[in-house]
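Whatever order the structure lists ligands and atoms in, that order sets their numbers, starting from 1.
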Amino acid sequence: MDYQKTLEKITQSLPDRGELETIGKVTAIGLATYVVTKKLYNAYVGPLSHVPSPFYAKFFTISKSSLDKPAGTVFTKYLAFSDQYGDVTKLGPSTLLVSDKVMIKQVLQQDDLQKGDIYDMFQKNGVDTTFSTRSKGLHKHLRRLISPAFSMKYLNSLEEHMHDVLETVMDKIDGKVSETHGQNDGAVVDIWKLLQHTALDIIGTTAFGQTFDMVNKESHPVPDAISEEMRWSSWVIAHPYLTKILTLGRPIKSKPVILDFMKKTIEDRISSGKRRNDILQILLDTKQSDDSADQLSDIAIITETILFLIAGSETTSNTLGFAIIELLRHPQVMKKLREEVDAVPFPSDRQIFDHEQVKNLPYLNAVINETLRLDAVAASGIERHADKNVTLGGKLFVPKGTEVICNIYHAHLNEKYWPNARSFEPERWLPETAASTGIKPDLDAFYPFSMGSRNCVGKNFAIMEMRLVLSTLIKRFDLTPIPEEMEQAKDVRHFVTLTVANNKFNVVAHRRQI
Ligand code: HEM
């Protein structure tokens, strides 16, 4: 009874339908007014209102998916925006595209801003990795744990694994050349794929002692599954909001074939009781740490190792692939590089260089640097989130919460920093060029491996691998271009890394007399 009375009282005190409609309208109008006022404020009065931008971006954020047509071309649109609007462009009310070198350095290094929202999409298996975590504290911790695996001393001890793979690669090309019947025919080799397989086998043996034998077999369930995940990742990066809806915010898991493979690798290592000189060992050793916070869980070790496989393969192989393409486009550069490399004899026991022999070759290093500048792996930009108010370049107030995309690709191609910026000129890296012209390479406008606390931990590893592969390949084989392939190689895309659009590049290889 009491209950019914109460209910009646409540019902009587409720506004009638007409009143409800009025309340609804007033709320909707209030909300719309707030949204419109905020948009107008940001567009015309707010701290970023004066930043040049396409008109639309004053009010709405230009989504990557809207620019990503054809797929993988966001980086060309960003390049065009920075060309058109200048060193700082607005891509939305609180999203900036920055290509000024001082500002990029400040964002990545001096102010060391937090990684951007997009990195949440790289989280896998419910655990953060060194690459994906946006937490500065967790990153510092993980980076400290993995860093010993990338020290120069440790890297030198991994060189023998690189040699083994390189030996297989050279045998593979040799074998293809032997299969050709004509004396001067040469063998057609998909050098892009071969370099990808090389990098995968190198990271496989150096990271956890398992060669996938991609160089010979050209397929393995684990790298194949990772390639599929990478294709998915590039879609995810272009459609972050849709992904969040589709996954209902649940963690994205690695494919079972990858997880099972890694679990077995770890179990085998532990049960064998044997230590191996590789990155997995360094991660497993954390389990013996006295500090429990330093002990990585199995899933953290698995996910971190998968990260190395992804971060350490296509990045390096595609850079090498672009170096070959540039060398074929510029025969005089190829000739000069060959002369430098030819002047160094192979060690007496094998036809593969030691890193010690090639690490200081100036022209080899110049070719690698020039490729990293022109064909930067992170061409779509490096994204950061202003976790505090900052003033960029002493003049642009950027409020906390702003997303800042560092357009390193534009900085690498900016005439202000690099004369003849869009042409491939390794000479710009040589000390004698600086001595004769007074123009030195502008290292403040060069970020192929990013900079600051989140720079590439694998930089030395990658450079060592690139030096070994490029010098040995050039010394052992003559590579000649195929016109249609050269034409197709002009179509460059950026998915997770920069790549040629059809993911292949054939050349003709001839064996050289050494
Ligand atoms: C030419 C080859 C390479 C290039 C150009 C390159 C470039 C980069 C760049 C630009 C970043 C920063 C990405 C960002 O902030 O979003 C990065 C981070 C990273 N790279 Fe590389 N990378 C290369 C090779 C490698 C290799 C060989 C490994 C491992 C064996 C590796 C492991 C990593 C890791 C773990 C991170 C995350 C570092 C952190 O946040 O502390 N990279 N790399």
Peer 1: Run down the list Phe322, Phe461, Phe150 and name the one with the heavy atom closest to atom 29 (C) of ligand 1.
Peer 2: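 Residue with the shortest heavy-atom distance to the ligand atom: Phe150.
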Peer 1: Atom 13 (C) of ligand 1: which protein heavy atom is closest, and how many Å away?
Peer 2: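 Ranking protein heavy atoms by distance from atom 13 (C) of ligand 1, first comes Phe131 CE1, 3.7 Å.
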Peer 1: Here's one to test your reading of the geometry: is the NZ or CZ of Lys115 within 45 degrees of the ring axis of Phe131 and under 6.0 Å from its centre?
Peer 2: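 Verdict for Phe131: a cation-pi partner in Lys115.
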Peer 1: Which protein heavy atom lies closest to atom 30 (C) of ligand 1, and at what distance to 0.1 Å?
Peer 2: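 Among all protein heavy atoms, the one nearest atom 30 (C) of ligand 1 is Ile203 CD1, 3.4 Å.
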Peer 1: Can you run down the salt bridge (charged side-chain N to carboxylate O under 4.0 Å, His left out) pairs that involve residues 297-321, sequence neighbours left out, and say none if there aren't any?
Peer 2: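 Counting only pairs at least two positions apart or across chains, the salt bridge (charged side-chain N to carboxylate O under 4.0 Å, His left out) contacts touching residues 297-321 are Lys287-Asp298.
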Peer 1: Using a strict 4.0 Å cut-off to heavy atoms of Thr316, name the atoms of ligand 1 that fall inside it.
Peer 2: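 The list of qualifying atoms is 1 (C), 2 (C), 24 (C), 27 (C).
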Peer 1: For ligand 1, is Arg384 a contact, meaning one of its heavy atoms is under 4.0 Å away?
Peer 2: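 Right, Arg384 reaches ligand 1.
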Peer 1: Are the side chains of Lys504 and Glu485 in touch, meaning some heavy atoms are under 4.5 Å apart?
Peer 2: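 When only atoms from C-beta onward are counted, Glu485 and Lys504 do touch, with a gap below 4.5 Å.
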Peer 1: Could you work out, with ring pair (Phe, Tyr, Trp, His ring centres under 6.0 Å) as the rule, every residue matching His239, not counting sequence neighbours?
Peer 2: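 By the ring pair (Phe, Tyr, Trp, His ring centres under 6.0 Å) rule, His239 matches Trp235.
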Peer 1: Strictly by side-chain hydrogen bond (donor to acceptor under 3.5 Å, both in side chains), give each pair with a member in residues 138-147 just once, sequence neighbours left out.
Peer 2: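 Pairs touching residues 138-147 that pass the test: His139-Arg454, His141-Asp294, Arg143-Asn455, Arg144-Asp294.
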Peer 1: For ligand 1, which atoms sit closer than 4.0 Å to a heavy atom of Ile382?
Peer 2: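 Within the 4.0 Å cut-off of Ile382, ligand 1 contributes 15 (O).
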Peer 1: Could you check if a side-chain atom of Ile173 sits within less than 4.5 angstrom of a side-chain atom of Leu194, using non-hydrogen atoms only?
Peer 2: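 They are in side-chain contact.
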Peer 1: Could you check whether any heavy atom of Glu465 sits closer than 4.0 Å to an atom of ligand 1, since that is the contact criterion I want to use?
Peer 2: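 Checking ligand 1 against Glu465, which is what was asked, there is no heavy-atom contact under 4.0 Å.
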Peer 1: Which residue and non-hydrogen atom of the protein lie closest to atom 40 (O) of ligand 1, and at what distance in Å?
Peer 2: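 For atom 40 (O) of ligand 1, the nearest protein heavy atom is Arg454 NE, 3.0 Å.
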Peer 1: Backbone N or O of Asp111 within a donor-acceptor pair of the Gln106 side chain at under 3.5 Å?
Peer 2: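 Between the backbone of Asp111 and the side chain of Gln106 there is no qualifying donor-acceptor contact (under 3.5 Å).
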Peer 1: If you have a sec, work out which protein heavy atom is nearest atom 7 (C) of ligand 1 and how many Å separate them, to one decimal?
Peer 2: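 That would be Pro448 O, 3.5 Å.
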Peer 1: Tell me whether Gln196 contacts the main-chain N or O of Ser317 through its side chain, where contact means a donor paired with an acceptor under 3.5 Å.
Peer 2: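 Not confirmed, Gln196 side chain does not pair with Ser317 backbone.
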Peer 1: Mark up the atoms of ligand 1 that fall under 4.0 Å of a heavy atom belonging to Tyr119, in ascending order.
Peer 2: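 That gives atoms 14 (C), 15 (O), 16 (O) of ligand 1.
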Peer 1: Are Phe322 and Phe424 near enough that their ring centres are under 6.0 Å apart?
Peer 2: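 No; Phe424 has its ring centre 6.0 Å or more from that of Phe322.
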Peer 1: For ligand 1, which atoms, with element, lie under 4.0 Å from some heavy atom of His139?
Peer 2: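 Result: 39 (C), 40 (O), 41 (O).
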Peer 1: Which of the atoms of ligand 1 are close to Lys115, meaning less than 4.0 Å from one of its heavy atoms?
Peer 2: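 Numbered from 1, ligand 1 contributes 14 (C), 15 (O), 16 (O), 40 (O).
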Peer 1: Between ligand 1 and Thr130, is the shortest N or O to N or O distance under 3.5 Å?
Peer 2: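 Thr130 vs ligand 1: N/O contact under 3.5 Å present.
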Peer 1: With atom 21 (Fe) of ligand 1 as the centre, enumerate protein N/O/S atoms below 2.8 Å in chain and residue order.
Peer 2: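 Those protein N, O or S atoms (cut-off: under 2.8 Å from atom 21 (Fe) of ligand 1) are Cys456 SG.
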Peer 1: Which residue owns the protein heavy atom closest to atom 1 (C) of ligand 1, what's the atom, and how far is it?
Peer 2: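 I find the closest protein heavy atom is Thr319 OG1, 3.5 Å.
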Peer 1: Within the structure, is a non-hydrogen atom of Asn455 found at a distance of less than 4.0 Å from ligand 1?
Peer 2: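 True for this residue.
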Peer 1: On the 0 to 90° scale, with breaks at 30° and 60°, tag the Phe212-Phe261 ring pair as parallel, tilted or perpendicular.
Peer 2: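 Aromatic pair Phe212/Phe261 classed tilted.
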Peer 1: Below 4.0 angstrom, N of the basic side chain to O of the carboxylate: do Asp444 and Lys101 qualify?
Peer 2: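 Lys101 and Asp444: not salt-bridged.
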